[in-house]
Amino acid sequence: MDYYIGLDVGTSSVKAMLTSDCEIIGTVSRDYPLSFPHSGWSEQNPEDWYNESIDAIKELTADIDKSKVRAISFSGQMHGLVMLDGEDRVIRPAVLWNDGRSEKEVSYLNNEIGKDFLLDNTGNIAFAGFTAPKLLWVYNNEPENFARAEKICLPKDYVAYMMSGVFATDTSDAAGTLYFDTKNRCWSDEMLEICHISEDKLPKVSESYEPIGNLKKEIAQELGFDEVKIVIGAGDNAASAIGTGAVSDGDCNISLGTSGTVFVCSDKYNCDRENAIHSFCSANGKYHYLACTLTAASCNKWWIEDILKADYSEDVKQYAGKSDVIFLPYLMGERSPVNDTKVRGMFYGLSMNTTREEMALAVLEGVAFSLKQNVEIIKSLGVNITRSGICGGGTKSRFWTELLATVLGIDISVPLLEHGGVLGACILAAKGTGKDISSAFYGTKEIIRPDTCLTDYYEKKYLKYLKLYKAAKIIDE
């Protein structure tokens with residue numbers, strides 16, 4: 001029996017999974033700290049990712065025949081900026097995907113360099129979450145650190161480098177930097193010049209399923225392994241698509257996590273030139289559209305835990321199709337499709353007889369409307385979406401999943417196994433050894449279909465929802 005290890009280098013923890021060719025053997029998580037040194041900043045120590053990954057692997061493989069471990073691969077938080085000096089020492093804490101310090105750099109890229117130039121060379125416009133604005137922030141604000149940088153990489157790629165000694169990345173993660181030519185799957189010379197860096201400071205680009213080398217001998221000895229391949233893996237959303245089986249043209253997967261994402265696979269490259277929808281490379285050699293709603297399940301958590309301090313989620317059903325209350329879920333600004341860091345959320349339609357349950361329902365509906373807005377834009381690009389997979393903590397609410405199916409007007413497929421990125425990493429690890437184990441892990445628990453009795457109601461309410469951002473924008477200005 002062969003074994004494969006997947007590591008999901010997340011924002012709050014690393015999750016490790018061990019699989020055989022046909023089953024999940026076990027999972028282990030290790031937390032690490034997240035720091036917010038200033039308002040809007042978000043940083044981590046990359047060394048924590050590596051140390052906790054090694055500890056997780058040790059626990060995960062304690063009771064197996066370690067000589068049967070064949071490969072390790074990765075899923076990782078995207079966009080984070082890791083800078084190493086000539087001795088491979090971390091220069092400064094990693095600047096993470098949810099860091100908002102680079103507002104001026106984003107404005108410079110979108111307005112002075114120009115969105116058309118960015119789209120032509122990368123397939124995307126600038127967001128505070130992307131790596132290029134962070135790199136320019138360091139260039140503008142910490143020139144001594146910028147000058148010391150000999151290697152610039154992404155979170156999972158730092159861990160892969162520490163384990164293998166090979167400086168590499170994959171196309172899916174690289175596409176989220178904004179200095180990568182997504183269409184041609186290579187670094188963009190034009191963007192590297194704008195970012196004041198040369199290609200020799202960047203990792204070699206591979207496809208997600210390609211082995212980049214082997215686990216260092218001293219680390220293999222420490223872990224009790226024989227020769228183990230290191231397969232570069234993918235950014236978390238691309239890895240989740242592998243883990244959930246969203247791998248064919250038009251396949252869609254929605255994540256109801258802290259943030260909400262819409263992932264749609266496409267055989268052909270295209271980019272959205274009118275909205276803030278991302279065009280990235282996929283982990284299977286194809287492309288995908290990605291839209292990110294910054295606050296999804298976190299909206300519900302905020303409403304239940306911070307505001308109500310009580311859970312009314314089981315009592316909201318009675319108001320479905322009856323309430324006029326609408327919620328705009330922009331508690332931290334918004335990424336897709338408006339790319340507005342300043343806009344904030346709101347309730348609309350409150351009256352003297354509005355109940356807590358109605359407002360709780362509006363929170364769930366507002367997130368669903370935000371996801372629908374992104375789905376509709378992706379469909380307008382010529383992608384036929386008739387069904388979507390789903391994952392994330394929000395799916396613990398069956399009602400929310402039912403509501404999402406009705407609002408989107410498509411079937412929602414609930415997977416048998418909900419492990420997303422870390423399972424995708426295991427599948428990629430196996431593929432790097434020449435084995436396709438994916439069929440053993442794909443399966444559907446249930447298909448949830450739209451409630452057609454509520455279709456017209458939600459379509460009308462959605463059209464009202466679309467007007468709220470314009471109102472919020474006017475107030476903000």
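If you read the sequence from its start, that first residue is 1, and numbering goes on from there. Just so it is clear, the model here is predicted, and its values are computed rather than measured.
- Of the possible donor and acceptor atoms, one in the side chain of N45 sits under 3.5 Å from a partner among the backbone N and O of E47.
- Residues D116 and R273 are paired through a salt bridge, judged by an N-O separation under 4.0 Å between the basic side chain and the carboxylate.
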May I have the step-by-step check of side-chain contact (heavy atoms from CB on, under 4.5 Å) for L223 and K58, ending in yes or no? CA-CA 6 Å; L223 295 173; K58 287 179 179 178; 3.5 Å; yes
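- Using a 4.0 Å cut-off between charged side-chain N and carboxylate O, D99 and R101 make a salt bridge.
- By the 4.0 Å N-to-carboxylate-O rule, E105 lies too far from K134 to be salt-bridged with it.
- Contact detail for A71 and V231: the closest heavy-atom pair is CB-CG2, 4.4 Å.
- Within the 4.5 Å cutoff, the side chain of D173 has no heavy atoms near those of the F280 side chain.
- Of all heavy-atom pairs between T177 and A174, the closest is OG1-O, 2.7 Å.
- D8 and S75 share a donor-acceptor pair across their side chains, judged by distance under 3.5 Å alone.
- Two rings, from Y269 and H288, have their centers 6.0 Å or more apart.
- Between the side chains of N184 and D181, a donor-acceptor pair is found at a separation under 3.5 Å.
- Side-chain atoms of T182 come within 3.5 Å of backbone N or O of T122 as a donor-acceptor pair.
- Ring-plane geometry between Y158 and W49 is classed as perpendicular, the angle between the planes exceeding 60 degrees on a 0 to 90 degree scale with a lower cut at 30.
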Could you walk me through whether F130 and H278 satisfy the ring-ring contact (aromatic ring centres under 6.0 Å, His included) test, starting with their C-alpha distance in whole Å, then the side-chain angles of each, then the deciding distance to 0.1 Å, before giving a yes or no? CA-CA 11 Å; F130 283 1; H278 313 320; 5.1 Å; yes
Using the rule given for side-chain contact (heavy atoms from CB on, under 4.5 Å), can you reason through I24 versus H419, listing the C-alpha separation, both sets of side-chain angles and the distance that settles it, and then say yes or no? CA-CA 10 Å; I24 296 172; H419 290 288; 3.5 Å; yes
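- The closest side-chain donor-acceptor pair between N111 and S107 falls under 3.5 angstrom.
- Under the side-chain hydrogen bond (donor to acceptor under 3.5 Å, both in side chains) rule, K151 has a single partner from D200, D85, D157, D88, which is D88.
- Centroid-to-centroid, the aromatic rings of F36 and W41 stay 6.0 Å apart or farther.
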Hey, mind stepping through E207 and T171 against side-chain hydrogen bond (donor to acceptor under 3.5 Å, both in side chains) and telling me if it holds? CA-CA 6 Å; E207 293 296 339; T171 57; 3.2 Å; yes
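- A salt bridge links K286 to D267: one of the charged nitrogens lies within less than 4.0 Å of a carboxylate oxygen.
- Counting non-hydrogen atoms of other residues, nucleotides and ligands closer than 6.0 Å to CD of E218 gives a total above 12.
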Test I72 against K229 for side-chain contact (heavy atoms from CB on, under 4.5 Å), laying out the working first. CA-CA 6 Å; I72 300 172; K229 290 184 182 296; over 6 Å; no
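- Side-chain polar atoms of Y469 and D340 form a donor-acceptor pair below 3.5 angstrom.
- Heavy atoms from other residues, nucleotides or ligands lying under 6.0 Å from CE of M332 number 12 at most.
- By the 6.0 Å contact criterion, CD on E142 is enclosed, its count of non-hydrogen atoms from other residues, nucleotides or ligands being greater than 12.
- The number of heavy atoms from other shown groups lying within 6.0 Å of NZ (K396) does not exceed 12.
- For residues 233-260, the set of pairs meeting the side chain to side chain donor-acceptor pair (under 3.5 Å) definition, not counting sequence neighbours, comprises N237-T261.
- Between F225 and T61, some side-chain heavy-atom pair lies under the 4.5 Å cut-off.
- Listed for the D272 side chain is no donor-acceptor partner under 3.5 Å among the backbone atoms of S380.
- With a 4.5 Å cut-off on side-chain heavy atoms, M17 and T19 count as touching.
- In this structure, K431 forms a cation-pi arrangement with Y209, its terminal cationic atom sitting closer than 6.0 Å to the ring centre and no more than 45° off the ring axis.
- The residue from I57, N214, V228 that alone fulfils the side-chain contact (heavy atoms from CB on, under 4.5 Å) condition with M163 is I57.
- In this structure the side chain of E103 reaches within 4.5 angstrom of the side chain of K342, judged on heavy atoms.
- Contact of the L34 side chain with the S42 side chain is registered, since non-hydrogen atoms from C-beta on lie closer than 4.5 Å.
- No side-chain N or O of T395 forms a donor-acceptor pair with one of W400 less than 3.5 Å apart.
- Geometric assessment of R335 against the ring of F127 yields a positive cation-pi assignment under the 6.0 Å and 45° thresholds.
- With Q77 contributing its side chain and P155 its backbone, the two residues share no donor-acceptor pair below 3.5 Å.
- Of the N and O atoms on the side chains of D65 and Y3, not one donor lies less than 3.5 Å from an acceptor on the other residue.
- Contact between A238 and A234 at its shortest, heavy atoms only, is CB-CB, 4.0 Å.
- A donor-acceptor pair shorter than 3.5 Å can be found between the side chains of D170 and S172.
- Shown here for P93 and E43, the closest heavy-atom pair between the two residues is CB-OE1, 3.5 Å.
- Looking only at distances, no side-chain donor or acceptor of S35 sits under 3.5 Å from a matching main-chain atom of P37.
- Using a 4.0 Å cut-off between charged nitrogen and carboxylate oxygen, R30 and D55 do not count as a salt-bridge pair.
- Side-chain contact check for Y287 versus R185: some heavy-atom pair is nearer than 4.5 Å.
- For K301, the NZ atom sits in a loose shell: 12 or fewer heavy atoms of surrounding residues, nucleotides or ligands are nearer than 6.0 Å.
- The two atoms that bring N284 and C265 nearest to each other are ND2-SG, 4.4 Å, heavy atoms only.
- In terms of modelled atom types and a separation under 3.5 Å, the side chain of T433 and the main chain of A430 share a donor-acceptor contact.
- Here the OG atom belonging to S266 is positioned 4.5 Å from the OH atom belonging to Y289, to the nearest 0.5 angstrom.
- A donor atom on one side chain and an acceptor atom on the other are found under 3.5 Å apart for T293 and S370.
- Taking a cutoff of 4.0 Å between a charged side-chain nitrogen and a carboxylate oxygen, E227 and R70 do not qualify as a salt bridge.
- Counting non-hydrogen atoms of other residues, nucleotides and ligands closer than 6.0 Å to CD of E150 gives a total above 12.
- No side-chain donor-acceptor contact under 3.5 Å links K435 to the backbone of D21.
- Using a 4.5 Å heavy-atom threshold, the side chains of L371 and L256 count as touching.
- The neighbour count for K372 NZ, taken as heavy atoms of other residues, nucleotides or ligands under 6.0 Å away, is above 12.
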Quick one: do L96 and T11 satisfy side-chain contact (heavy atoms from CB on, under 4.5 Å)? Show the steps, please. CA-CA 8 Å; L96 302 189; T11 311; 4.1 Å; yes
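- In terms of modelled atom types and a separation under 3.5 Å, the side chain of Y32 and the main chain of S13 share a donor-acceptor contact.
- For the ring-ring contact (aromatic ring centres under 6.0 Å, His included) test, residues two or more places apart in sequence or in another chain that qualify with F146 are Y139.
- When all heavy atoms of L178 and A132 are compared, the closest pair comes out as CB-CB, 3.8 Å.
- You'll find the side chain of I437 reaches within 4.5 Å of the side chain of I427, heavy atoms only.
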